[in-house]
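Accompanying notes for the structure given below.
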Amino acid sequence: MRMVFLCFLLTGCAGREVLDEIPKDFILSWGETETVSEEEEEESSSEEEEPAECFLMEEASSFAYKSLNEAERAWYRDMERILGGFQEEGVLSRTGLEGGLDDTCIDKVFQCVLSDHPELFYVEGYSYVKYAIGNKITALHFSGTYSMDLETAVVRREEIRAAVEELAAGISEDASDYEKVKYVYETLIRNTDYDLEAPDNQNIYSVFVRHFSVCQGYAKATQYLLNFLGVECTLVLGTVESGEGHAWNLVKVDGDYYYVDTTWGDVSYRTDGSGENGEISMPEINYDYLNVTTEELLRTHSIGGEVPMPLCTAKTANYYVQEGALFTAYDREQMAALFQKAAGSGQNDITVKCADAACYEEILRILIEDQEIFQFLAEGESRIAYAQNEKQLSLTFWVTNE
């Protein structure tokens, strides 16, 4: 006689505005007895149906997969096949059980699959059935739970792919890793508004098709588009200084890892109705979280989730370094060159970053208190606004007629 535990799901994410982890389900369990023969078990384990559809993208990176041991990787591949094929049920291989895994390990592996695969936009959670003799588990049957039917998912997959291909056409295949990351950062911000009430806001459909999302939508869309362009990018989960759950990305640029937070790069995330009711309109993009180090990130973020993250120390691909906007001390020629570059490209704003607090205070004093900022403006420009980020030691200036 074998004991069968039927595990049913309650969606644990309903009503939450910003998630602190990938959506998963909470499990209620109770037992009932059912006889399962050795032959039935072996047959169930060996026969896997060929999926009618495959939603997995060839370009997906495998950062989370690489963090797992061999037994966990076996279950990862099982779940990847089941979820990617929109299957209702499949068997988790004996390799995992023989490697010491049990049902308490399912959630970690499931989270890793979703971390690597933003294209699984329809996956809400999972359920499983555990077969055991006494305390020994003999088989685990795993099922995905989905937010839509297969027909709807297929239609949405094609809508997403069409939108992604259109966006990808906006940058050369020969572009550098840095250029691709910057392009994706800017393009998604310009095409998306932060909205807590947006439908599908935990997945990429909300960004690529609806253009309204929250942090997980931004982060998964950043991951999907960069993977599509050939840049390694994975999802990072954690919290921010307010204590809210948050999602952002880890990217690999020219062999070095950096953090990118597209959500915090979107000024619509930080403002409500900017420019309305007498407010001054701000530039739409904040570059403080485009290719930053672990040290810079941890000033405002805390890293969580199931997947260990590397220590990011490289600065070469940081936005301010690449754009010549990092100051170690006030340099009038460097500042003038930034304003001239902005004017030449039709840009009305510039952002500078300081290497330390002393440089930050010096630039504030010279440009704002001593009003040297006006020496860099073009003829006819007489009003300028600025925004400060003291934690990241950055200053943004923009011409305004308001």
Side-chain angles (χ1 to χ4, degrees), residues 182 185-186 189 240-242 258-275 277-301 312-313 315-402:
K182 181 187 175 193
Y185 187 85
E186 293 177 334
I189 288 171
V240 291
E241 52 195 344
S242 64
Y258 300 83
Y259 287 107
V260 172
D261 191 339
T262 312
T263 307
W264 276 36
D266 192 340
V267 173
S268 72
Y269 170 70
R270 293 289 189 161
T271 60
D272 183 11
S274 179
N277 302 320
E279 297 179 18
I280 297 175
S281 296
M282 295 179 64
E284 61 183 335
I285 300 176
N286 169 13
Y287 291 98
D288 286 337
Y289 292 89
L290 178 50
N291 293 347
V292 299
T293 64
T294 299
E295 179 184 3
E296 292 171 310
L297 179 84
L298 293 182
R299 294 171 187 170
T300 50
H301 295 51
C312 302
T313 58
K315 297 183 178 180
T316 304
N318 175 263
Y319 169 81
Y320 295 104
V321 174
Q322 287 285 318
E323 303 298 326
L326 177 66
F327 287 74
T328 55
Y330 180 67
D331 184 323
R332 195 175 189 284
E333 291 185 2
Q334 183 182 2
M335 190 68 70
L338 286 174
F339 274 88
Q340 290 169 5
K341 179 181 177 181
S345 63
Q347 184 178 332
N348 290 325
D349 61 274
I350 69 154
T351 302
V352 302
K353 184 178 178 68
C354 302
D356 54 42
C359 173
Y360 182 77
E361 294 299 329
E362 180 186 25
I363 289 180
L364 263 180
R365 177 179 57 79
I366 294 174
L367 292 186
I368 304 304
E369 293 180 20
D370 299 345
Q371 297 194 356
E372 189 165 316
I373 187 75
F374 291 103
Q375 296 184 25
F376 302 116
L377 301 186
E379 185 177 350
E381 296 176 345
S382 59
R383 299 192 66 187
I384 195 163
Y386 72 97
Q388 301 174 238
N389 185 338
E390 294 182 355
K391 289 198 172 181
Q392 297 299 344
L393 301 177
S394 68
L395 293 161
T396 300
F397 304 95
W398 67 98
V399 176
T400 177
N401 294 318
E402 299 169 357

Just by modelled atom types, is the A317 backbone N or O under 3.5 Å from a matching donor or acceptor in the N291 side chain?
yes
Any donor-acceptor N/O pair, D370 side chain to E372 backbone, under 3.5 Å:
no
For a quick test of reading the model, state the closest non-hydrogen atom pair linking [X] to [Y] and the distance between them.
X: E362; Y: Y330; value: OE1-N, 3.1 Å
X: E241; Y: R299; value: OE1-O, 4.4 Å
X: F376; Y: L367; value: CE1-CD2, 3.7 Å
X: T351; Y: Y320; value: CG2-OH, 3.0 Å
X: I285; Y: Y185; value: CG2-CE2, 3.9 Å
X: T316; Y: Y258; value: N-OH, 3.4 Å

Any side-chain heavy atom of Y386 within less than 4.5 Å of one from I373?
no
Nearest 0.5 Å please: distance from the [atom1] atom of [X] over to the [atom2] atom of [Y].
X: M335; Y: I350; atom1: CE; atom2: CD1; value: 5.5 Å
X: D288; Y: T396; atom1: CG; atom2: OG1; value: 6.5 Å
X: L290; Y: D261; atom1: CG; atom2: CG; value: 10.5 Å
X: T262; Y: E186; atom1: OG1; atom2: CD; value: 11.0 Å
X: L377; Y: R383; atom1: CG; atom2: CZ; value: 12.5 Å
X: H301; Y: T294; atom1: NE2; atom2: OG1; value: 12.0 Å

Determine, step by step, whether V352 and L338 satisfy the side chain to side chain contact (heavy atoms under 4.5 Å, CB included) criterion, reporting the C-alpha distance in whole Å, the side-chain angles of both residues, the deciding distance to 0.1 Å, and the verdict.
CA-CA 9 Å; V352 302; L338 286 174; 3.7 Å; yes
Are Q322 and K182 close enough, and set up right, to give a side chain to side chain contact (heavy atoms under 4.5 Å, CB included), and what steps lead you there?
CA-CA 10 Å; Q322 287 285 318; K182 181 187 175 193; over 6 Å; no
Answer with yes or no whether the side chains of Q392 and Y289 bring together a donor and an acceptor at under 3.5 Å.
yes
Between E296 and Y259: side-chain donor-acceptor atoms closer than 3.5 Å
no
The side chain to side chain donor-acceptor pair (under 3.5 Å) partner of Y360 among E390, R365, Q388, K353 is Q388
Which label fits F339 and F397: parallel for a plane angle under 30°, tilted from 30 to 60°, or perpendicular past 60°?
tilted
Do other residues, nucleotides or ligands put more than 12 heavy atoms under 6.0 Å from the CD atom of Q347?
yes
